[in-house]
Amino acid sequence: MSALPWAPMARMAGRRLLFAVPVLLAVTFGVFAVAAASPFDPVDAYAGTAARTASEQTLEELRHNLGADRPFTEQWWDWLGSAATGDLGHSTALRQPVSEVISERLGWTVLLCVTAFTLTVLLGTALGVLAARRRGGPADRFTTAACYTLEAAPTFWLGLLAIWLFALELDVLPAGGLTDTRSDAVTAGQVASHLVLPAAVLAVSQLPWFALFVRESLVEALDEDYVRGARARGLRGRTVLLRHALRSGLLPVLTLVGTRIPELITGALLVETVFSWPGIAAATVEAALAVDFPLLAALTVLATAAVLLGTLLTDLLYGLADPRVAFDG
Amino acid sequence: MARARLWTSATILLAVVLAVLVVPPLTDLDQQLVAFSDKLRPPTPSHPFGTDDAGRDVLLRCVYGLRVSLLVGVVAALVATVVGSTVGALAGALGGWPDRLLMRLVDAFASVPHLLLGIFVVAMFRPGLWPVIASVGLTHWLSTARLVRAEVLSLRERPYVEAAISGGSTRWRIAVRHLVPAVLPRAGLAAVLMVPHAIWHESALSFLGLGMPGHQASLGTMIHAGRGSLLAGDWWPTLFPGLFIIVPTLAIAGLAGVWRERISPRRRSELML
């Protein structure tokens with residue numbers, strides 16, 4: 001790994017970023033266009049119930065002050081201008097600047113997603129190996145059937161059942177939140193115990209895809225000549241499986257991790273809501289329920305940026321893992 | 001093996017569809033019948049799935065909820081398939097800059113996480129039947145568009161299409177006689193496979209409070225409403241609607257697996273969602 005192809009990698013990253021800019025611009029434009037086409041009224045959202053009793057003139061002034069009387073293309077352009085300086089507007093639901101909401105909450109979401117995804121990779125690899133070891137055997141059939149059932153199960157439903165089982169019946173883990181309601185300080189131990197259930201549910205929701213992919217990849221690798229060669233040399237079955245087949249079989253799967261960011265965001269939206277996790281995904285749902293356009297728009301764009309970054313990461317990893325792939329995509 | 005899967009899936013799906021179509025009009029059971037004296041009864045022979053926090057029968061409500069979920073799922077999958085096939089066919093048939101433009105549009109749409117885009121659309125247009133269908137349809141046409149485009153691109157190079165062109169067939173005749181029949185099975189399979197996705201998406205929106213309203217309760221709405229009872233320890237109003245999502249999903253996936261093997265027998269594929 002001493003001579004990484006830095007120059008071609010950088011060139012590809014640059015090209016991808018250049019592609020990302022128009023996509024992000026298109027998404028922001030689309031967000032403003034949808035808002036303009038919808039019955040959503042920013043003055044209503046800003047003033048709340050006060051809008052019902054306010055006089056027509058006050059409302060007109062408010063509309064003018066908010067800039068809501070201008071065409072949406074102009075509002076979009078202004079938003080882009082202030083977004084470039086870090087000002088993403090003011091959240092009407094949470095009553096604080098959008099950038100503050102993001103900086104306060106992003107860390108918790110990243111913690112949740114990284115923990116969950118690590119769990120998925122570990123558990124999924126174990127399950128995949130177990131299933132591929134004897135294709136068509138009882139372990140394989142059970143794992144495969146369990147994966148399809150889990151894939152069909154709604155994530156929020158799994159989360160609710162997990163709360164019922166572990167927080168209510170067994171009473172071993174907290175049902176939600178970040179810390180106990182009694183305490184004011186955020187301590188690592190409390191966060192860890194509150195993290196277990198949401199991270200486990202998010203991990204389980206990603207598990208079917210990963211385990212089945214590992215299984216398929218391993219089954220393919222086990223048919224290769226080098227595996228047969230290792231067997232013929234008299235190596236132990238376990239050595240062949242773990243040291244030879246898994247090594248090459250896991251690589252394509254790991255490189256695809258970046259493409260799972262959309263699913264991870266979808267899962268986080270549901271899991272954070274179920275477990276009242278104070279992350280950015282729960283804020284998105286709150287914003288949607290309160291029709292908080294500034295927050296919702298910023299978070300939609302942020303999620304899109306995360307997805308584009310994940311795709312870039314996948315391409316870079318893929319090129320690194322497989323030298324036959326050229327960095328010119 | 002495939003035969004057993006076909007029959008199990010078909011039987012389950014038939015039973016589900018029959019229950020959903022027959023129970024509401026033929027019985028005079030009222031799913032909204034509130035009986036507070038019977039509230040939150042655990043499963044018993046007279047209420048096999050128990051009753052919810054207003055004393056309503058959970059089994060009956062599940063059947064009605066599945067009716068709403070299936071309706072939304074099927075209509076949204078149809079919308080998505082029609083939009084996706086149109087875009088894909090246009091891109092594949094026209095080629096050149098319209099193709100590049102349309103595919104960039106697909107890429108841009110694919111970069112926004114589906115549920116997030118769905119949440120955004122429903123939040124702006126207020127929750128209800130049509131915004132939910134629009135939100136699902138809008139986010140699920142991308143894969144169909146890519147699939148149909150790829151199919152049309154490969155069909156354009158086939159000898160029988162070239163023969164039709166040199167034989168002087170009009171564009172219209174080639175499209176109707178050669179392209180549509182070849183693309184239809186795959187688009188149909190994609191549409192069928194999309195129904196569970198659409199149901200999943202709809203129930204997630206409903207669970208978040210951004211989907212179907214209470215008087216048109218879907219399975220997701222029921223799980224949303226059952227959350228309070230669950231936190232008090234009563235699990236049945238939450239458990240059974242979830243099972244009602246899983247079972248038809250698996251049945252549809254089983255049928256689609258058999259269908260896929262029939263249209264492309266070389267790729268011995270497995271059950272896929």
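All values below were derived from every heavy atom in this structure, side-chain atoms included, with hydrogens, water molecules and symmetry-related copies excluded. Every chain is numbered from 1 and lettered A, B, ... according to where its sequence line falls, protein lines coming before strand lines.
Most heavy-atom pairs under 4.5 Å with chain B, from the set A:Leu161, A:Leu264, A:Val291, A:Thr155: that is A:Val291. The candidate from A:Val23, A:Leu212, A:Leu270 with the greatest count of non-hydrogen atom pairs under 4.5 Å with chain B is A:Leu270. When the candidates A:Ala20, A:Ala153, A:Ala26 are compared by the number of heavy-atom contacts under 4.5 Å with chain B, A:Ala153 comes out ahead. In terms of heavy-atom pairs under 4.5 angstrom with chain B, the leader among A:Leu160, A:Ile261, A:Val285 is A:Leu160. Ranking B:Ile223, B:Val247, B:Leu239 against chain A, the residue ahead of the rest is B:Leu239, based on heavy-atom pairs under 4.5 Å.
A:Thr284 pairs by the side chain to side chain contact (heavy atoms under 4.5 Å, CB included) definition with A:Leu269, A:Leu296, A:Leu299, B:Leu116, not counting sequence neighbours.
Both the backbone and the side chain of B:Leu243 have a heavy atom closer than 4.5 Å to some heavy atom of chain A. Residue B:Leu231 touches chain A through both its backbone and its side chain, counting heavy-atom pairs closer than 4.5 Å. For A:Val301, no part sits under 4.5 Å from any heavy atom of chain B, backbone or side chain. Looking at A:Val27, only its side chain comes within 4.5 Å of chain B, counting heavy atoms on both sides.
Of the candidates B:Val112, B:Leu117, B:Ile119, B:Val112 is the only one forming a side chain to side chain contact (heavy atoms under 4.5 Å, CB included) with A:Thr300.
B:Phe207 CZ to A:Thr273 OG1: the interatomic distance, rounded to the nearest 0.5 Å, is 7.0 Å. Considering CG of B:Leu210 and CG of A:Leu289, their distance stands at 4.5 Å, rounded to 0.5 Å. Distance CD1/A:Ile265 to CG/B:Leu115: 10.5 Å, rounded to 0.5 Å. To the nearest 0.5 Å, the span separating CG on B:Asp234 from CH2 on A:Trp164 amounts to 10.5 Å.
Between A:Trp157 and B:Ile245 the shortest side-chain heavy-atom distance does not fall below 4.5 Å. Within the 4.5 Å cutoff, no side-chain heavy atoms of A:Phe156 are placed close to those of B:Thr238.
Within residues 99-109 of chain B, the residues having any heavy atom closer than 4.5 Å to a heavy atom of chain A are B:Arg104, B:Asp107, B:Ala108, listed by residue number. Heavy-atom proximity under 4.5 angstrom to chain B picks out A:Val307, A:Leu308 from residues 305-314 of chain A.
For residues 278-308 of chain A, the ring pair (Phe, Tyr, Trp, His ring centres under 6.0 Å) pairs, not counting sequence neighbours, are A:Phe32-A:Phe293, A:Phe40-A:Phe293.
Without hydrogens or angle criteria, B:Arg227 side chain to A:Val274 main chain gives a donor-acceptor distance under 3.5 Å.
Residues A:Pro262 and B:Pro113 come closest through the heavy atom pair O-CB, 4.1 Å.
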**Request:** Using the side chain to side chain contact (heavy atoms under 4.5 Å, CB included) rule, take A:Leu165 and B:Trp235 through it: C-alpha gap first, then chi angles, then the decisive distance, then the call.
**Result:** CA-CA 9 Å; A:Leu165 183 62; B:Trp235 46 269; over 6 Å; no
